[in-house]
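Because the structure is a prediction, the values reported are computed rather than measured. Convention: sequence-line order gives letters A, B, ...; per-chain numbering from 1.
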Amino acid sequence: MPELAEVAYASKQWNLAVSKRVKEVVIHPTSRVFRDCDKNSVFELLSGKQMKSGQSHGKQILFHFSGNVWLGVHLGMTGSLLNENSTYLPQKHDALVLKVNTHSFIFRDPRQFGRIRIEEGKNQPVWWSNQPISMLDSKFEIKILKNALIRHNRRPIKALLLDQRYFPGMGNWMADEVLWRAKIHPANLCSKIPQLKMASLFNEILFVVSGALNSVGKNGGDPPKGWLFHARWKDGQLCPKTNSALKRESIGGRTTCFCPELQKIF
DNA sequence: ATACCTGTTTCCCG
DNA sequence: CCGGGAAACAGGTA
């Protein structure tokens, strides 16, 4: 489920909790999402606290509570944030449920690749404030792309786009969407990207990020019609631009969908 | 049954 | 020491 826009949408599902006081904390006894934190701390630090705010940055989510408490959520591959009414009964894969008077706020993650962090401190946690520049920030410039291309010249461009140190929030389908729009074969090594292509690659990153936020990020639905997204999931689909057969193969360690007619090796 | 999956970390290799 | 890639994590779904 979760890349940048879906993560932004997920974090909003807990907006109703802002300014509410946590009456009950329900923690899954065995879920791996607590592997890096102390479950007792999660319980102790959140119980009775008032949620101040929630925000997302790339694939990371941070909630701020009274008493200088910070709750970090990463959705992994199958995580989601939901809200239900106050009579909600926790289900099998609900890792964390926070109950306030009116609602239950749920972090559900069947595969448990997600992650919960809990911290107490006057300032935002270091892992949060040290994140790379957001792709939405005006300081996210083409220089970041160019430097990454040079540094990782032996890597396929698809793998580079998935690197969260440079493109926080970029995920598998967004990366495919970007390369398809920029007409770049995903297996191209970074050293092979022509200088002239870099500006369009950068612009397509911005386009896909904002387009995804305006559709998926707003209402949780799908990206706009005509995007590769709608054709990329199964074999035998046609390219929305060329109407020729799309191809799917593993590139950069992930299933990658592209249009061989449109996206060239340089 | 078998394969596949919108992510990250760890380990091994050159 | 560095960068790249495979494996591992785990459960649901086709």
When we call it a touch if two heavy atoms are under 4.0 Å apart, what does A:P156 touch: a base, just sugar-phosphate, or nothing?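 Sugar-phosphate contact only - A:P156 comes under 4.0 Å of backbone atoms but never of a base.
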Yes or no on salt bridge (Lys or Arg N to Asp or Glu O under 4.0 Å) for A:E141 and A:K139, after CA distance, side-chain angles and deciding distance? CA-CA 6 Å; A:E141 294 166 334; A:K139 290 198 292 294; over 6 Å; no
Salt bridge A:R155-A:D163, side-chain N to carboxylate O under 4.0 Å: yes
Residues A:K158 and A:D176 bridged, charged N to O under 4.0 Å: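 Yes, this pair counts.
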When you check the phosphate oxygens OP1 and OP2 of [N], does a side-chain N or O of [X] lie under 4.0 Å from one of them?
X: A:K92; N: C:dG12; answer: yes
X: A:R254; N: B:dC5; answer: no
X: A:R32; N: B:dT9; answer: no
X: A:R151; N: C:dG3; answer: yes
X: A:R115; N: B:dT9; answer: yes
X: A:Q112; N: C:dG11; answer: yes
X: A:H152; N: C:dC2; answer: no
X: A:H74; N: B:dT8; answer: yes

Would you kindly say whether A:Y88 and A:H103 are connected by a side-chain donor-acceptor distance under 3.5 Å? no
Donor + acceptor pair across side chains of A:K192, A:N153 (<3.5 Å): no
d([atom1], [X]; [atom2], [N]) in whole Å:
X: A:K158; N: C:dG4; atom1: NZ; atom2: P; result: 16 Å
X: A:W233; N: C:dG12; atom1: CH2; atom2: C1'; result: 15 Å
X: A:D109; N: B:dT6; atom1: CG; atom2: P; result: 15 Å
X: A:L161; N: B:dG7; atom1: CG; atom2: P; result: 13 Å
X: A:R155; N: B:dC13; atom1: CZ; atom2: P; result: 20 Å
X: A:D235; N: B:dC4; atom1: CG; atom2: C1'; result: 11 Å
X: A:F34; N: C:dC9; atom1: CZ; atom2: C1'; result: 17 Å
X: A:N172; N: B:dC5; atom1: CG; atom2: C1'; result: 9 Å

What integer number of Å spans the P atoms of C:dA6 and B:dC4?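 One P to the other, the span is 15 Å.
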Starting at CG of A:L45, measure out to CD1 of A:I118 and round the result to the nearest 0.5 Å.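 If we round to the nearest 0.5 Å, A:L45:CG and A:I118:CD1 are 5.0 Å apart.
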As a test of reading the structure: which of C:dG5, B:dT6, B:dT8 is closest to the side chain of A:Q164, going by heavy atoms?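 That would be B:dT8.
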When you measure from the side chain of A:M77, which nucleotide among C:dG11, B:dG7, C:dG4 comes out closest? B:dG7
C:dC9 - base-pair partner by Watson-Crick or wobble geometry, distances under 3.5 Å: B:dG7
Kindly state whether the pair A:F113 / C:dC9 counts as stacked, where counting means centroids closer than 5.5 Å and planes tilted less than 30° apart.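 The base of C:dC9 is stacked with A:F113 (centres under 5.5 Å, planes under 30°).
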Residue whose closest nucleotide on DNA chain C lies nearer the 5' end, A:G253 versus A:R165: A:R165
